[in-house]
2 protein chains.
Amino acid sequence: MVPQPQRVRRSSRQRDAVQESLAGTDAFVSAQDLYASMREQGNPIGLATVYRALQNMVEDDEVDVLRTDDGEAVYRRCSPSHHHHLVCRRCGRTVEVEGPDVESWASTVAAAHGFTAPDHVVEVFGTCADCTRAEAAQP
Amino acid sequence: MVPQPQRVRRSSRQRDAVQESLAGTDAFVSAQDLYASMREQGNPIGLATVYRALQNMVEDDEVDVLRTDDGEAVYRRCSPSHHHHLVCRRCGRTVEVEGPDVESWASTVAAAHGFTAPDHVVEVFGTCADCTRAEAAQP
DNA sequence: GTCATTGCAAACGCTTTGCATCTGT
DNA sequence: ACAGATGCAAAGCGTTTGCAATGAC
């Protein structure tokens with residue numbers, strides 16, 4: 001495995017703004033959402049710049065990215081170590097969780113079928129406490 | 001929960017062809033791939049029809065669908081019961097696996113954070129035996 | 001001065017939709 | 001005959017890219 005050359009990154013107002021915006025939430029947000037909210041807050045930025053900043057952060061393992069069922073990419077700042085997510089299907093709030101059991105289960109299953117270099121994606125969806133309450137009040 | 005009205009489906013040459021095409025493989029394939037391979041095999045069909053047929057099958061729980069990292073939807077015929085997938089990242093070959101441990105882990109984690117109605121997505125990726133051999137021969 | 005970054009608009013690729021036509025029942 | 005299915009082309013939508021201008025170091 002190559003240590004990957006890690007391109008030089010210059011800092012800039014826009015890049016910092018994206019990071020800050022991402023730091024301000026616990027939810028997975030799309031590039032479009034970020035773009036819109038940054039503009040609303042009087043923070044001029046180009047859509048392409050948002051995408052490029054996010055791409056860079058993904059490369060640098062500063063954010064997690066996953067695809068929604070309708071194909072949109074959503075991003076979230078994350079801790080650098082391996083982990084999984086518990087995502088509220090209503091409000092998008094996210095909790096990082098660890099699952100040592102899952103890790104071993106995944107590699108066992110892979111090995112049992114002759115698969116090597118196992119990797120896995122585990123996302124748990126649910127309705128968070130607040131939203132469960134909200135749904136009970138107004139279904 | 002509503003028993004879902006389950007729309008009427010008429011049979012047709014094209015629809016049957018899509019089903020048959022899906023039945024012939026163990027891999028997750030995209031709508032575009034299906035479209036291309038069906039045409040190659042002298043089976044005229046419209047791209048929109050492929051998409052519509054696949055949508056119907058997903059609604060009827062006849063196929064699984066998931067998104068690749070680049071946002072393409074890929075489909076695979078599946079057994080009706082709950083299960084997870086072990087997918088070869090090289091050739092797309094797929095094995096359905098069960099993971100009772102994972103099920104319980106997911107609901108435990110959800111409950112621990114006050115989340116209700118847990119659901120989860122677990123996909124294990126790896127390189128299958130054949131592809132591991134192929135990679136060793138030609139990296 | 002050099003080279004990464006930005007913004008815009010155009011290009012892309014996958015997917016969906018409108019609509020007239022065809023077809024299964 | 002009625003309602004669903006088809007094909008084509010056009011539209012949608014999120015994302016990427018070309019390119020000239022700008023800004024960091």
Side-chain angles (χ1 to χ4, degrees), chain A residues 4-22 27-60 62-76 87 92, chain B residues 4-22 27-76 92:
Chain A
Q4 80 195 87
Q6 182 85 340
R7 221 180 190 284
V8 175
R9 309 256 188 244
R10 281 176 195 172
S11 70
S12 77
R13 181 181 56 75
Q14 293 89 332
R15 191 179 291 282
D16 293 350
V18 171
Q19 270 198 71
E20 199 180 316
S21 226
L22 228 40
F28 272 96
V29 295
S30 69
Q32 310 270 353
D33 288 345
L34 260 151
Y35 171 71
S37 73
M38 290 176 73
R39 297 217 131 198
E40 270 180 28
Q41 290 166 33
N43 220 332
I45 192 173
L47 181 55
T49 305
V50 175
Y51 277 105
R52 285 190 276 232
L54 289 170
Q55 278 170 181
N56 289 345
M57 294 178 197
V58 170
E59 278 172 31
D60 298 350
E62 287 170 30
V63 305
D64 277 336
V65 55
L66 58 88
R67 293 271 175 178
T68 64
D69 279 348
D70 54 297
E72 216 181 0
V74 287
Y75 306 82
R76 181 179 187 275
V87 187
Chain B
Q4 83 194 81
Q6 182 86 337
R7 218 176 193 286
V8 174
R9 310 257 187 243
R10 282 179 193 168
S11 68
S12 78
R13 180 182 56 76
Q14 293 89 331
R15 191 177 292 279
D16 294 349
V18 171
Q19 271 199 70
E20 199 180 316
S21 227
L22 270 169
F28 272 96
V29 295
S30 70
Q32 309 270 353
D33 289 344
L34 262 156
Y35 171 70
S37 73
M38 290 176 72
R39 296 217 133 199
E40 269 180 29
Q41 290 167 34
N43 221 331
I45 191 172
L47 181 55
T49 304
V50 175
Y51 276 105
R52 286 190 276 233
L54 289 170
Q55 278 170 182
N56 290 345
M57 294 179 196
V58 170
E59 278 172 32
D60 298 350
D61 291 315
E62 288 171 30
V63 305
D64 277 337
V65 55
L66 59 88
R67 293 270 175 179
T68 63
D69 279 348
D70 54 296
E72 215 181 359
V74 287
Y75 306 82
R76 181 181 187 274

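Source: prediction; values computed, not measured. Just so we're on the same page: letters track the sequence lines, and every chain starts at 1.
- With C:dC8, C:dT15, C:dT23 as the choices, the nucleotide that has an atom nearest any side-chain atom of B:Arg10 turns out to be C:dT23.
- Across the interface with DNA chain D, nearest-nucleotide mapping of B:Ser12 and A:Tyr51 shows B:Ser12 to be the residue nearer the 5′ end.
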Audit row: B:Phe28, B:Thr68, side-chain contact (heavy atoms from CB on, under 4.5 Å) steps and yes/no: CA-CA 10 Å; B:Phe28 272 96; B:Thr68 63; over 6 Å; no

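- Counting all heavy atoms, side chain and backbone alike, B:Met38 lies closest to B:Ala17 at CE-CB, 3.4 Å.
- Per the geometry, CG belonging to B:Asp69 stands 19 Å off P belonging to C:dG13, to the nearest Å.
- Taking every nucleotide of DNA chain D with any atom under 4.0 Å from a non-hydrogen atom of chain A, the first and last of them, 5' to 3', are D:dG14 to D:dC25.
- Nearest-nucleotide assignment on DNA chain C puts the 5′-proximal partner with A:Gln14, out of A:Gln14 and B:Arg67.
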Please set out all donor-acceptor pairs under 3.5 angstrom arising from side-chain atoms of residues 44-55 of chain B, sequence neighbours excluded.
{"from": "B:Tyr51", "atom 1": "OH", "to": "B:Gln32", "atom 2": "NE2", "distance (Å)": "3.0"}

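- The CG atom of B:Leu34 lies 5.0 Å from the OG atom of B:Ser21; values are rounded to the nearest 0.5 Å.
- Across the protein-nucleic acid pair, B:Leu66 atom CG and C:dC14 atom C1' stand 15 Å apart, rounded to whole Å.
- Atom pair A:Leu54:CG and C:dT6:P shows a separation of 11 Å (rounding to whole Å applied).
- With rounding to whole Å, B:Arg9 atom CZ is found 16 Å from C:dT25 atom C1'.
- Separating the CZ atom of B:Arg15 from the C1' atom of C:dT23 is a distance of 13 Å, rounded to the nearest angstrom.
- The distance from atom CG of B:Asn56 to atom P of C:dG24 is 17 Å, rounded to the nearest whole Å.
- Residue B:Ala53 is classed as having no contact, given no heavy-atom separation below 4.0 Å to the nucleic acid.
- Residues B:Asn43 and B:Arg13 are in side-chain contact: their nearest non-hydrogen atoms beyond the backbone lie under 4.5 Å apart.
- Rounding to whole angstrom units, OH of residue B:Tyr35 and P of C:dG13 are separated by 15 Å.
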Would you check, one step at a time, whether the test salt bridge (charged side-chain N to carboxylate O under 4.0 Å, His left out) holds for B:Glu62 with B:Arg9? CA-CA 13 Å; B:Glu62 288 171 30; B:Arg9 310 257 187 243; over 6 Å; no

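- Nucleic acid contact for B:Leu47: base, since at least one base atom lies under 4.0 Å from a heavy atom of the residue.
- Within 4.0 Å of B:Gln32, counting heavy atoms only, lies at least one base atom of the nucleic acid.
- Place B:Ser11 and B:Tyr75 on DNA chain C by their nearest nucleotides, and B:Tyr75 ends up nearer the 5' end.
- Nucleic acid contact class of A:Arg52 (heavy atoms, under 4.0 Å, all strands): base.
- Residue A:Met38 contributes atom CE, which lies 14 Å from atom C1' of C:dG7 at whole-angstrom precision.
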Step by step, would you call B:Arg15 with B:Asn56 a side-chain contact (heavy atoms from CB on, under 4.5 Å)? CA-CA 10 Å; B:Arg15 191 177 292 279; B:Asn56 290 345; 2.8 Å; yes

